[in-house]
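Below you'll find the structure, written out as structure tokens, and then a few comments.
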2 protein chains.
Amino acid sequence: MLEVLRAADDHPTAAEVYERVRRSSPRIGSATVYRTLALLVSTGRALELNLGDGAAARYDANTRRHDHAVCDGCGRAVDIDHPVPDGMMAEIARRSGFAITGYDLQFRGLCPDCQANGSDPARAAGGTGPTVNTHAKGALHAEA
Amino acid sequence: MLEVLRAADDHPTAAEVYERVRRSSPRIGSATVYRTLALLVSTGRALELNLGDGAAARYDANTRRHDHAVCDGCGRAVDIDHPVPDGMMAEIARRSGFAITGYDLQFRGLCPDCQANGSDPARAAGGTGPTVNTHAKGALHAEA
DNA sequence: CCACTGGTTGAGAACGACTCTCAGTATCAC
DNA sequence: GTGATACTGAGAGTCGTTCTCAACCAGTGG
């Protein structure tokens with residue numbers, strides 16, 4: 001199961017992981033996939049991502065701290081490695097009174113493929129992309 | 001409905017909005033609440049938030065661009081107004097190739113109340129907080 | 001070899017959040 | 001009043017996820 005996750009360069013949902021694992025172990029059940037995924041996350045061997053489109057959680061075998069850029073066109077998510085400056089964290093902790101332990105940053109926009117395919121492609125570059133319309137929710141926090 | 005949202009200084013879920021609206025309009029149905037909420041979001045009069053704990057979406061009548069700090073203890077979310085520097089956006093756009101239209105930033109940690117009530121309070125300060133255990137998912141991306 | 005124990009599994013039911021469908025109702029112009 | 005149109009509430013349906021439970025398995029002791 002970890003192998004499946006490591007082999008995936010996209011960020012598969014639990015359902016996608018289930019489907020891929022089933023190719024090698026056809027008798028596996030979805031409960032086992034969810035259980036194992038939760039175990040991997042709790043032992044720090046995988047990361048669970050909520051990419052804010054209200055759709056299913058996604059999983060990532062890259063456990064280093066990193067953020068994501070999510071395409072409003074095809075739903076694809078790519079890794080971003082560009083930490084928020086410590087000074088900003090400290091400033092926010094000071095202003096809010098919170099003891100900040102971590103953060104979660106996602107950028108929204110159009111991936112290079114969707115930019116090339118027009119400004120509002122109908123998930124042209126997809127493949128494993130979700131089927132929900134992420135535009136309504138994708139507008140969340142966006143200020144073009 | 002907008003009034004209910006504006007009167008709320010927390011970030012109510014759709015179910016909480018439904019419950020509050022029902023006090024003044026007892027015959028309203030949940031479908032109408034979801035429809036109206038979606039309308040408010042699409043016309044830019046409210047913001048929909050996915051606070052990454054896998055729970056229900058939350059709504060916010062504060063439509064200015066802002067971020068949130070979410071308490072791992074009680075689930076409370078407070079507004080943060082501290083934009084990511086433009087230079088960082090440009091750098092990420094350049095490196096990823098994305099046309100970035102917006103972003104979504106959440107900090108995780110313990111709110112002042114939960115810090116005062118011990119390091120792992122059983123949602124002591126709650127009230128309208130969600131009932132799910134956000135710790136498993138709260139660990140998402142956190143590096144204490 | 002067999003019985004027992006404890007952990008893991010798969011199937012399917014259950015759950016919560018959300019969306020869809022559809023009949024009923026209100027509103028409007030005529 | 002009549003018909004067209006839009007909106008509403010109730011409830012069923014969908015989707016992602018979790019729970020339940022019987023079946024299975026490995027290990028242990030006899």
Side-chain angles (χ1 to χ4, degrees), chain A residues 1-2 4-5 10-43 46-60 75 77 123 126 128-140, chain B residues 1-2 4-5 11-43 45-60 75 77 123 126 128-140:
Chain A
M1 188 122 159
L2 233 193
V4 165
L5 220 50
D10 51 351
H11 299 77
T13 64
E16 285 161 0
V17 171
Y18 176 37
E19 199 182 314
R20 291 174 204 185
V21 169
R22 246 199 320 186
R23 285 183 208 146
S24 49
S25 317
R27 295 192 38 72
I28 200 171
S30 64
T32 306
V33 170
Y34 279 102
R35 268 190 296 243
T36 311
L37 246 14
L39 184 71
L40 291 175
V41 169
S42 70
T43 58
L47 245 31
E48 188 190 47
L49 317 174
N50 279 98
L51 295 185
D53 52 5
R58 288 153 177 271
Y59 293 86
D60 191 343
R123 307 199 153 269
T128 60
T131 53
V132 297
N133 173 9
T134 59
H135 276 84
K137 300 194 168 190
L140 169 65
Chain B
M1 188 121 158
L2 234 194
V4 166
L5 220 48
H11 299 78
T13 63
E16 285 161 359
V17 172
Y18 176 37
E19 199 182 313
R20 292 175 203 184
V21 170
R22 240 188 336 175
R23 285 182 209 148
S24 52
S25 315
R27 295 193 39 74
I28 200 171
S30 63
T32 306
V33 172
Y34 279 103
R35 268 188 297 241
T36 311
L37 245 14
L39 184 71
L40 290 176
V41 169
S42 71
T43 57
R45 280 181 289 191
L47 246 31
E48 188 189 51
L49 317 174
N50 279 98
L51 295 186
D53 53 3
R58 288 153 176 272
Y59 294 86
D60 192 343
R123 306 195 153 272
T128 59
T131 55
V132 296
N133 173 8
T134 58
H135 277 85
K137 298 193 170 189
L140 167 66

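Each chain gets a letter, A, B and so on, in the order the sequences are listed, and its residues count up from 1. As the structure is a computational prediction, the values presented were derived from the model and not from experiment.
- Heavy atoms of Ala14(A) sit under 4.0 angstrom from primed sugar atoms or phosphate atoms, though from no base atom.
- Comparing dT8(D), dG16(D), dT19(C) by their nearest atom to the side chain of Tyr34(B) picks out dT19(C).
- In this structure, Met1(B) and Val33(B) approach most closely via the heavy-atom pair CE-O, 3.2 Å.
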Using atom names, set out every protein N or O paired with an N or O of nucleotides 25-27 of chain C below 3.5 Å, distance rounded to 0.1 Å.
none

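- For Glu19(B) and dA17(C), the CD to P distance is 12 Å, given to the nearest whole Å.
- Considering only the side chain of Ala57(B), dC18(C) comes nearest among dG10(C), dT17(D), dC18(C).
- For Tyr59(B), the side chain to side chain donor-acceptor pair (under 3.5 Å) criterion is met by Glu48(B), not counting sequence neighbours.
- A donor-acceptor pair is defined here as one N or O able to donate and one able to accept, closer than 3.5 Å; such a pair exists between the side chain of Arg58(A) and the backbone of His11(A).
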Check nucleotides 22-27 of chain D against the protein and report each pair of N or O atoms closer than 3.5 Å, with its distance, or say if there are none.
none

Review point. Please walk me through it: do Val17(B) and Arg20(B) pass side chain to side chain contact (heavy atoms under 4.5 Å, CB included)?
Key: CA-CA 5 Å; Val17(B) 172; Arg20(B) 292 175 203 184; 5.9 Å; no
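- Rounding to whole angstrom units, CZ of residue Arg58(A) and C1' of dT17(D) are separated by 16 Å.
- Note on Arg27(A): only backbone sugar-phosphate atoms sit closer than 4.0 angstrom, heavy atoms only; bases stay farther off.
- For the pair Tyr18(A) OH and dT17(D) P, the computed distance is 14 Å after rounding to whole Å.
- Once rounded to the nearest 0.5 Å, the distance linking CG of Leu39(A) with CG of Leu2(A) reads 9.5 Å.
- Protein atom OH of Tyr59(B) is 12 Å distant from nucleotide atom P of dA17(C), rounded to whole Å.
- A cation-pi arrangement, defined by a distance under 6.0 Å to the six-membered ring centre and an angle within 45 degrees of its axis, is present between Arg22(B) and Tyr18(B).
- Annotation: the span from Arg35(B) atom CZ to Leu40(B) atom CG amounts to 13.5 Å, rounded to 0.5 Å.
- For the pair Arg35(B) CZ and dA17(C) C1', the interatomic distance rounds to 16 Å; values are reported in whole Å.
- Per the geometry, CE belonging to Met1(A) stands 13 Å off C1' belonging to dT9(C), to the nearest Å.
- Among the atoms of the strands shown, base atoms are found under 4.0 Å from some heavy atom of Ala31(A).
- Checking side-chain atoms of Ser25(B) against main-chain N and O of Ile28(B) turns up no donor-acceptor pair under 3.5 Å.
- Rounded to an integer number of Å, the gap from Leu37(A) CG to dG10(C) P is 14 Å.
- Summarising the geometry, the separation between CD1 on Ile28(A) and C1' on dG12(C) is reported as 16 Å, rounded to the nearest angstrom.
- Distances were taken from every side-chain heavy atom of Thr32(B) (C-beta onward) to each of dG10(C), dT18(D), dT8(D); the shortest belongs to dT8(D).
- Listed candidates were dG10(C), dG9(D), dG16(D). Nearest to the side chain of Ala56(A) is dG16(D).
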Practice item. Could you walk me through whether Leu37(B) and Val41(B) pass side chain to side chain contact (heavy atoms under 4.5 Å, CB included), step by step? Key: CA-CA 6 Å; Leu37(B) 245 14; Val41(B) 169; 5.6 Å; no
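- The only option from Asp60(B), Val4(B), Leu5(B) that meets the side-chain contact (heavy atoms from CB on, under 4.5 Å) definition with Pro12(B) turns out to be Leu5(B).
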